[in-house]
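Throughout, protein chains are lettered first and strands after them, A, B, ... in sequence-line order, and every chain is numbered starting at 1. It should be emphasised that the depicted structure is a prediction, and the values quoted were computed from it without experimental measurement.
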Amino acid sequence: MIRGYTRTNQNREALFMYQKMREKCVQPDKYTFTFVLKACTGVLNLEMGVGIHEEIVKNGLESDVFVGTGLVDFYCKVGRLDNAKEVFEKIPELDVVAWNAMIAGFSQSVEPLEALRIFYKMQLAGIEPNLVSLLNLLPAVSKLSSVHCCRAIHGFVIRRRFPHFVLNGLIDMYSKCGDVDSALLVFNRMFGRDGVSWGTMMAGFVRNSCLVEALELFDCIKREKLDLNQVAAVSALLAAAETRDLEKGREIHEYSVRAGIDSDILVATPLMTMYAKCGELEKAKQIFEDIPRKDIVVWSAVIAAFVQAGCLKEGLSLFRQMLRENLKPNRVTVLGILPACGESSDINLGKSIHCYMLKSDIGLDVSTGTALVAMYAKCRLFSVAHALFSRLPQEDVITWNALINGYAQFGEGRRAMEMFHQLRAAGYYPDSGTMVGVLPACVTMNELEQGTCIHGQILKFGFEADIHVKNALINMYAKCGSVTTAEYLFNEPEFTKDEISWNIIIAGYMQNGRAKEAISAFHQMRSEGVWPNLVTIVSILPAAAFLAALKQGMAFHAYVVHTGFGSNVLVGNSLVDMYAKCGRLDYSEEYFDQMKNKDTVSWNVMLSGYAMHGLGKAAMALFLRMQETCVEVDSVSFVSLLSACRHGGLIEEGRKVFHSMNPKHKIEPKLEHYACMVDLLGRAGEMDEALNFIQNMPMAADAVVWGALLGASRMHSNVQIGEIALGHLVSLEPQNAAHHVVLSNIYAQSGRWGDVRKMRKSISSMGLKKIPGCSWVEIRKEVHAFKVGDQTHPQFDKMRQLWNDLHEKMERIGYVADTSCVLHNVEEEEKELFLFSHSERLAITFALLNTEPGMPINIVKNLRVCLDCHITIKLISQITDRKIIVRDASRFHHFEKGTCSCNDYW
DNA sequence: ATAGGGTTAG
């Protein structure tokens, strides 16, 4: 009866019968014991097994080979290897089954080497291993990961006549030991390959990252019209996902449909992941939804897929949905969702997941520990992250990377570098990920030297071929001001660039004010067939804005429409800003009005657009609308608004706005707001109020604030206040000659020539260091740049000729050059020549020569237009009957028929 | 033999 139950795996019933038998005081014999032990092993009931062991000893049956083997098997399965060994050694006549039980037990244990020893011992004892011995041993060899053992077992197998499927075991064993070549050799030489052979071989390739080979095997299956089984399909899908080969992935999908295995959850899960990794999130979602009974693995997979694709909201909402369906997150689910908490700085969710882990049996191991450390670091809870890090039971280099990354990403560059050095001291070797993490630390600290040092280590460890490392390096050089090195690395012929590399070089050029190069990098990227992504778009739009290159900007807008990023708020803000800076405020307003998700930045961008164009009233109106719409007003809003007041001449409104900041909006005015106000009051000629305003500031005024006062002093020829401002400026920025220049101009205007001479002497002795002026003009989609004093342009002679003609006409209508902004110690006549070197004049003459008569001209200048240029451009607009729009460092100037929109120069 | 996982541009 008992045997009958154990044969059909009805273990509980078997044990129940045994108990009944004992109650009726029927004496069990050795057969009873072997069957009962088998049942006990099936339900893993330790207590009961130990009881039966005692009975066996009482009956003197322990040394019986059948009963003994049953006991050995039982103790092995419940993990009591010592007891198993003890019983085993008491059996006098060991047979092959007894030895096999021991091999199986140790194969599954933490001492796989012992299984191998037993295998050899049995041969020494004269027992010939059989097929079962071998099958029991294979997992042990795989665990030992020793190619040496593999070879020995391989030799053992070929000396015997075992069935074909044993060779499948060898393929698996070799691939698990990392010797994929030997696995392939067995596979290729084997006769009668079955589905398992193909599946095992493909899984082996995937395990050893031989993805191309795995996919080739799939092609083989297709070519030879073999059946595609689940394992082969899964392995092929993993390979396609890892190589992001969508086309191949679709092919495998199609083939799985034909084989009728596509809806199997085992295949559907990696199928979904494949689509997600290849960027087909819609398709992935659809496959997920079509799975009827979703288990925790599918849920974990779909959550991780969305989180990794950057769709955090979707990932989090799937996670909540899973909880609502009463599924319990396991270790892997948690590992998939934690990065989303970090990425979105959702510390509440992060903490509750940590709590859940403590309550459930998800312990702290290397992976979960690392994920938690990274999550806390990304939420900027550095002390928690560090404390957790130092009490982790185990860590590896990735754990260190997580912390280093966290510190580096959030401005704690010094701490990141410290950890980097500690890692070496703790005996770990940095990997490529460490390098990728530590380079941004050099960026935040602006430490080119340390960055170069890391570059050295990268070369030493041989990580330079890793694309992530290379990208991080290019980024570091570009951001730390060494664009040339960045460019050099980027253009190395053996470098295969990805989308990220292009984004980095484009952003790097922009960082260094090289908008023209950024744009040509964009076109080069397109010519190599790479499509812009969201980051590309957000990086390249400011380039068009910087250069006021409207045609380029519109071309980028076309990409926005094509890629469907138009609904993204970052893109929308950049577009509004770009159109405003390109002089098309009407387009800005149009785009702004139709934006569905506006944030504070959107409104601020629009405000600054009005400010640039001197439209104070429009800015005030927008600010009111902003409050009606209940958008949060921030400190930047006020900078733009005050700036709009100042360019629009709204003195009283500006005062009111400033004084409402703290009482009404609870925003403490900062230095930039004070600077704006000083400029506003100064322009209005309220010099004493401006000075008084500075003296009553709650913090010390900086150079910008004093600079605003100095500019106003010059405008109103107020020597007394000018001198006060200059005194502060000189002590704040002693090396900046520009301040001395302004003061010497003030002296000149009030006729104090002696002081002018003295000032100019001290200026020339300190050497003038200033940013070279540069102007740009876009003509037929091409941006032309002109640096101050540049005579190398191919059309320079024609340009100078045109200038001379214009100059003559100007003088005829009464123009006298104001050379006060020319510092060189030369004769007046020569100074006039120098004035043609001003970059905006070069750009304007070039534009006049290269556009149709009557067409408006758009110029951008990096610095402010000087007074003489301002007068000159007014006259040129009159003489040539052209509209000339100049955007300088502070605002737009619209010149038409001898007037300028800003009324006077200031 | 087989599906989900920890660090990595802006």
The side chain of [X] lies closest to which of these nucleotides: [options]?
X       : options                : answer
T200(A) : dA1(B), dT8(B), dG6(B) : dA1(B)
N533(A) : dA3(B), dA9(B), dG5(B) : dA9(B)
N475(A) : dT2(B), dA9(B), dG4(B) : dA9(B)
I500(A) : dA9(B), dA3(B), dG5(B) : dA9(B)
L335(A) : dG4(B), dA3(B), dG6(B) : dG6(B)
S300(A) : dG4(B), dA3(B), dG6(B) : dG4(B)
V297(A) : dA3(B), dT8(B), dG5(B) : dA3(B)
A203(A) : dA9(B), dT2(B), dG4(B) : dT2(B)

Looking at [X], I'd like to know whether one of its side-chain N or O atoms comes within less than 4.0 Å of OP1 or OP2 on [N].
X       : N      : value
Q409(A) : dA9(B) : yes
R207(A) : dT2(B) : yes
Q308(A) : dG4(B) : no
K378(A) : dT8(B) : yes

Can you tell if the side chain of L392(A) reaches within under 4.5 Å of the side chain of L372(A), non-hydrogen atoms only?
no
Any N or O donor-acceptor pair under 3.5 Å from the base of [N] to the side chain of [X]?
X       : N      : answer
S367(A) : dG5(B) : yes
N401(A) : dG6(B) : no
D396(A) : dG6(B) : yes

Salt bridge (Lys or Arg N to Asp or Glu O under 4.0 Å) contacts in which one or both residues fall within residues 362-376 of chain A, not counting sequence neighbours
R331(A)-D365(A)
Integer-rounded Å distance: dA9(B) P and L534(A) CG:
16 Å
When rounded to whole Å, the CZ to P distance for the pair F410(A) and dA9(B) reads 10 Å
Under the ring-ring contact (aromatic ring centres under 6.0 Å, His included) rule, what pairs show up with a residue in residues 298-322 of chain A, not counting sequence neighbours?
F288(A)-W299(A)
Over all strands shown, is N471(A) touching base, sugar-phosphate only, or nothing at heavy-atom distances under 4.0 angstrom?
nothing
Categorize P339(A) for me: base, sugar-phosphate, or nothing, with a 4.0 angstrom heavy-atom threshold over every strand shown.
sugar-phosphate
Using the benzene-type ring in the case of Trp, are the ring centres of Y488(A) and Y477(A) under 6.0 Å apart?
no
Under the criterion side chain to side chain donor-acceptor pair (under 3.5 Å), which of K285(A), R250(A), H253(A) is the partner of Y275(A)?
H253(A)
